[in-house]
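This structure is a prediction, so every number in the text was calculated from the model and none was measured. Every chain is numbered from 1, with letters handed out A, B, ... down the list of sequences. Side chains are part of it too, since the values below use all heavy atoms of this structure and drop only hydrogens, waters and symmetry mates.
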There are 4 protein chains.
Amino acid sequence: MPPIVSDEYKQKKKREILDSAQQAFGEKGYQVATIDDIVAYSGMSKGAIYNYFESKEDIYVQLMNLRTERTFEFFEESLKEYKTATEKIKFLFKTYADVELNEDRQKSIQVHVEFFINSGRDAEMKKLMVDRFKDIYQKFLIEIVEEGKKVGEFGTHVDSNIISSLFWGILDGVCLHYSVLGADEYPYQDIMVEAEKIFMQYIQK
Amino acid sequence: MPPIVSDEYKQKKKREILDSAQQAFGEKGYQVATIDDIVAYSGMSKGAIYNYFESKEDIYVQLMNLRTERTFEFFEESLKEYKTATEKIKFLFKTYADVELNEDRQKSIQVHVEFFINSGRDAEMKKLMVDRFKDIYQKFLIEIVEEGKKVGEFGTHVDSNIISSLFWGILDGVCLHYSVLGADEYPYQDIMVEAEKIFMQYIQK
Amino acid sequence: MPPIVSDEYKQKKKREILDSAQQAFGEKGYQVATIDDIVAYSGMSKGAIYNYFESKEDIYVQLMNLRTERTFEFFEESLKEYKTATEKIKFLFKTYADVELNEDRQKSIQVHVEFFINSGRDAEMKKLMVDRFKDIYQKFLIEIVEEGKKVGEFGTHVDSNIISSLFWGILDGVCLHYSVLGADEYPYQDIMVEAEKIFMQYIQK
Amino acid sequence: MPPIVSDEYKQKKKREILDSAQQAFGEKGYQVATIDDIVAYSGMSKGAIYNYFESKEDIYVQLMNLRTERTFEFFEESLKEYKTATEKIKFLFKTYADVELNEDRQKSIQVHVEFFINSGRDAEMKKLMVDRFKDIYQKFLIEIVEEGKKVGEFGTHVDSNIISSLFWGILDGVCLHYSVLGADEYPYQDIMVEAEKIFMQYIQK
DNA sequence: TATGAATGAGATTTCATTCAT
DNA sequence: TATGAATGAAATCTCATTCAT
């Protein structure tokens with residue numbers, strides 16, 4: 001007899017739980033948010049959640065994976081329309097700048113930054129984070145920068161590894177401050193625009 | 001009955017506890033570190049700690065205050081030797097870059113970044129953080145930038161408020177990544193040097 | 001509507017579940033083994049198991065019944081070949097001694113001993129156990145001992161009730177120790193042989 | 001400043017908790033008894049118990065240790081008055097027989113038998129149990145038996161290792177049955193007397 | 001009948017804080 | 001002031017049982 005519940009259904013459930021976790025973690029942070037918070041957001045029972053995930057940490061790691069996956073799916077897809085490396089990087093800045101307009105994405109980034117912080121404290125987690133950073137974030141930007149250098153858009157003085165690290169550092173740093181200080185106190189979009197200028201001016205030519 | 005112990009003694013005790021808390025928070029993070037961890041580092045008793053501080057959060061806030069105070073005392077003192085705004089900002093970059101060489105300062109920055117993250121989640125805490133950011137961090141840098149603009153070191157296109165926010169964002173972002181990825185994976189000093197170049201090139205002229 | 005599945009089919013299913021339960025209980029003990037363990041061993045679904053049994057405890061009781069039933073079927077059948085009470089008792093000792101060679105039977109005994117332990121703690125269960133002990137175990141041996149006394153194989157000093165209790169006590173005690181200490185540490189067969197000698201020497205004459 | 005609470009006090013507390021655990025485990029068995037049961041018996045708070053023990057299993061192991069220790073302290077002390085090996089072994093039988101009269105000791109033995117059962121299922125626990133059996137129980141009896149053989153009380157046909165194992169097997173087996181069947185159904189003392197006869201008759205001469 | 005996802009009471013353990021000494 | 005044992009609310013996770021399909 002075939003399984004009554006389809007894989008699709010299970011995937012949907014997992015997504016629902018991860019979305020609830022995103023909300024809970026976004027609201028209170030990973031450490032402070034409880035399974036009961038996730039339960040409250042999801043409308044499921046505690047047991048149901050443990051049917052899909054092994055532990056709170058498992059939820060956390062899988063949420064991290066999902067987020068990265070979604071982000072880069074979006075980037076890959078969006079960047080297809082842009083031909084030059086310059087346009088691509090400008091699009092990335094713009095995307096992050098626009099986050100302000102979308103509270104979900106805002107929370108999402110906050111959780112992502114918190115991931116970073118917590119990760120450093122657990123060896124296994126740290127390895128995950130390091131791999132993610134190198135294999136996905138860095139790789140993604142290095143390719144664009146190299147492309148720009150080859151075509152002559154960017155100067156030869158640009159070290160694509162260093163500059164990529166710096167790029168993500170700037171983004172995370174500004175997002176971090178924005179996530180804490182809030183729109184009232186922190187002119188996030190203006191700062192992002194300035195960040196773009198500073199960055200582009202340096203690498204171009 | 002007159003106080004048996006001097007204020008000096010009390011201050012010394014408080015400092016000792018805050019130093020122990022710094023170690024504990026640096027090691028495990030604020031949420032995960034326990035009062036018993038602080039007890040272990042300090043060599044005092046739990047009761048003693050509660051004689052000097054009201055709660056774990058109180059320790060946390062006062063540690064934050066102390067750290068900021070010390071940092072800016074150091075900056076104010078150090079910057080006296082430097083005449084131009086350019087030199088001053090370069091010194092700040094250099095100071096942060098050199099943190100790599102000092103594990104204590106490294107932990108300290110990590111704790112500071114975590115402060116930020118957690119702060120956003122509690123109204124009272126957030127206000128504290130916002131005030132600190134505006135009244136101390138921003139004020140400090142804005143003054144230098146304005147000075148540079150007035151003297152003509154920096155261009156008039158520079159918005160000192162935006163550029164200051166960006167400065168701290170870059171520093172915290174790079175420190176954040178470094179604190180998680182570690183020296184093995186993250187060429188922190190090179191990145192800081194590049195950050196300085198990028199930043200200075202933009203504001204100068 | 002007539003029953004779609006035969007009683008035979010149902011019986012077969014129940015046996016399968018009980019065998020799986022035997023394995024699960026043998027592996028982890030009644031308390032620690034979960035329904036999911038039984039599911040894993042049986043290859044059936046949780047729902048299927050609850051179609052045939054009311055609860056975990058029901059499985060447990062019925063397994064106990066089955067085991068006792070099987071054991072005494074085997075004994076009754078085997079003892080037919082033996083004429084004298086002495087031979088019969090020696091056969092019992094031999095059967096238990098040979099258990100070492102069969103891991104399944106070993107586990108089986110362990111589960112049986114655990115049954116005893118747990119039973120004492122629940123009034124209903126205890127009654128079941130007491131009845132089983134008196135009506136089956138004791139009855140079985142008392143008959144043999146009485147037979148031996150009547151024929152003059154065993155001395156008149158033998159109280160068949162006491163001696164029967166002692167017989168089962170010795171067997172369970174030695175099996176208990178063996179089940180925990182294992183073959184490496186416990187010369188089970190030698191001990192059983194000695195137990196037989198001690199026991200037979202006392203009752204004979 | 002010296003600790004306010006003496007080691008004596010702590011020892012007393014630990015004993016109290018272990019006694020409460022003994023009651024709880026005796027009542028319901030190790031698996032079924034909860035920390036809350038121990039809390040109820042002890043009158044302390046849950047946290048207090050965790051100040052003295054690391055986990056439920058820790059309580060269990062230390063209770064086992066304490067029991068063994070007490071038992072053999074009692075045996076060593078008591079056996080001083082007895083000169084011959086025969087007298088010593090008879091005393092052991094008598095001690096176990098008299099357990100019936102003391103409900104605490106009864107429960108105690110029940111818990112001890114359950115220890116055995118559970119121990120076999122956890123590698124670390126098993127090692128503990130094996131060591132205890134060999135180094136304490138077996139050693140203790142082997143010495144007495146060897147002494148009896150040397151003096152000529154016991155026959156040379158007696159293998160002190162095998163016979164010692166058998167001795168403890170008989171005791172545990174009879175206690176096991178008694179603990180489950182209860183005094184109403186199981187003439188414990190008569191059986192113990194018979195066990196003694198059977199055992200002594202075999203080894204003597 | 002068979003399936004296995006869902007339930008939720010309940011178990012173990014942690015830890016900030018208090019307070020008698 | 002200093003001590004650290006005691007407290008108990010709250011967190012994570014388990015699992016026998018149910019029930020819609």
**Asked** Any side-chain donor-acceptor pair under 3.5 Å between A/Gln62 and A/Asp58?
**Response** yes

**Item:** Residue among D/Gln31, D/Lys126, D/Glu57 satisfying side chain to side chain donor-acceptor pair (under 3.5 Å) with D/Asn118
**Value:** D/Gln31

**Message:** Mind checking if C/Lys46 touches a base, just sugar-phosphate, or nothing, with heavy atoms under 4.0 Å?
**Reply:** base

**Residue met sooner reading DNA chain E from 5', once D/Ala48 and A/Lys13 are mapped to nucleotides** = A/Lys13

**Message:** Distance check needed: F/dA6 P versus D/Phe53 CZ, whole Å only.
**Reply:** 12 Å

**Message:** Do A/Lys56 and A/Tyr50 form a cation-pi contact, if we require the NZ or CZ to be under 6.0 Å from the six-membered ring centre and within 45 degrees of the ring's axis?
**Reply:** no

**Item:** Whole-Å gap separating P (E/dT1) and CG (C/Asp7)
**Value:** 9 Å

**Request:** Starting at the 5' end of DNA chain F, write a dot or bracket for each base, bracketing those in Watson-Crick or G-U wobble pairs whose two distances are under 3.5 Å and using | for partners on another strand.
**Result:** .||||||||||||||||||||

**Prompt:** Does NZ or CZ of A/Lys10 fall inside the cone over A/Tyr52's six-membered ring, less than 6.0 Å from its centre and within 45° of the axis?
**Reply:** no

**Request:** Please tell me which of the listed nucleotides, F/dT7, E/dA5, F/dC13, lies nearest to the side chain of A/Tyr52?
**Result:** E/dA5

**Fill in**
Among the nucleotides E/dT12, E/dT13, F/dA2, whichever has the atom closest to the side chain of D/Asp36 is E/dT12

**Request:** Establish, from distance only, whether the side-chain atoms of A/Asp37 and A/Gln23 form a donor-acceptor pair under 3.5 Å.
**Result:** no

**Asked** Can you check the B/Gln31 CD to E/dA16 P distance for me, whole Å?
**Response** 10 Å

**D/Phe115-D/Tyr60 aromatic ring centre distance below 6.0 Å** = yes

**Asked** Which one, F/dC13, F/dT7, E/dT3, comes nearest to the side chain of C/Asn51?
**Response** E/dT3

**Request:** Starting from C1' on F/dA2, measure out to NZ on B/Lys10 and report it in whole angstrom.
**Result:** 14 Å

**Donor + acceptor pair across side chains of B/Asn65, B/Glu69 (<3.5 Å)** = no

**Item:** B/Tyr9 side-chain proximity, nearest of F/dA2, F/dC13, E/dA5
**Value:** F/dA2

**Prompt:** What's the NZ-C1' distance between D/Lys28 and E/dA11, to the nearest Å?
**Reply:** 12 Å

**Prompt:** To the nearest Å, how far apart are B/Glu57 CD and E/dT17 C1'?
**Reply:** 14 Å

**Asked** Taking atom P of F/dT18 as reference, at what distance in whole Å does atom CD1 of C/Ile35 sit?
**Response** 11 Å

**Request:** Measure the distance from OH on A/Tyr60 to C1' on F/dT12 and round it to the nearest whole Å.
**Result:** 17 Å

**Fill in**
Picking from F/dT18, E/dA6, E/dA2, the nucleotide nearest the side-chain atoms of C/Tyr50 would be F/dT18

**Message:** Counting the atoms with a prime plus P, OP1 and OP2 as sugar-phosphate, which does B/Thr34 contact under 4.0 Å by heavy atoms, base, sugar-phosphate, or nothing?
**Reply:** sugar-phosphate

**Request:** Identify, between C/Gly47 and B/Gly47, the residue whose nearest nucleotide on DNA chain F lies closer to the 5' end.
**Result:** B/Gly47

**Prompt:** Any side-chain heavy-atom pair from D/Tyr41 and D/Gln22 closer than 4.5 angstrom?
**Reply:** no

**Message:** Of the listed nucleotides (F/dC13, E/dA2, F/dT17), which one gets closest to any side-chain atom of C/Lys56?
**Reply:** F/dT17

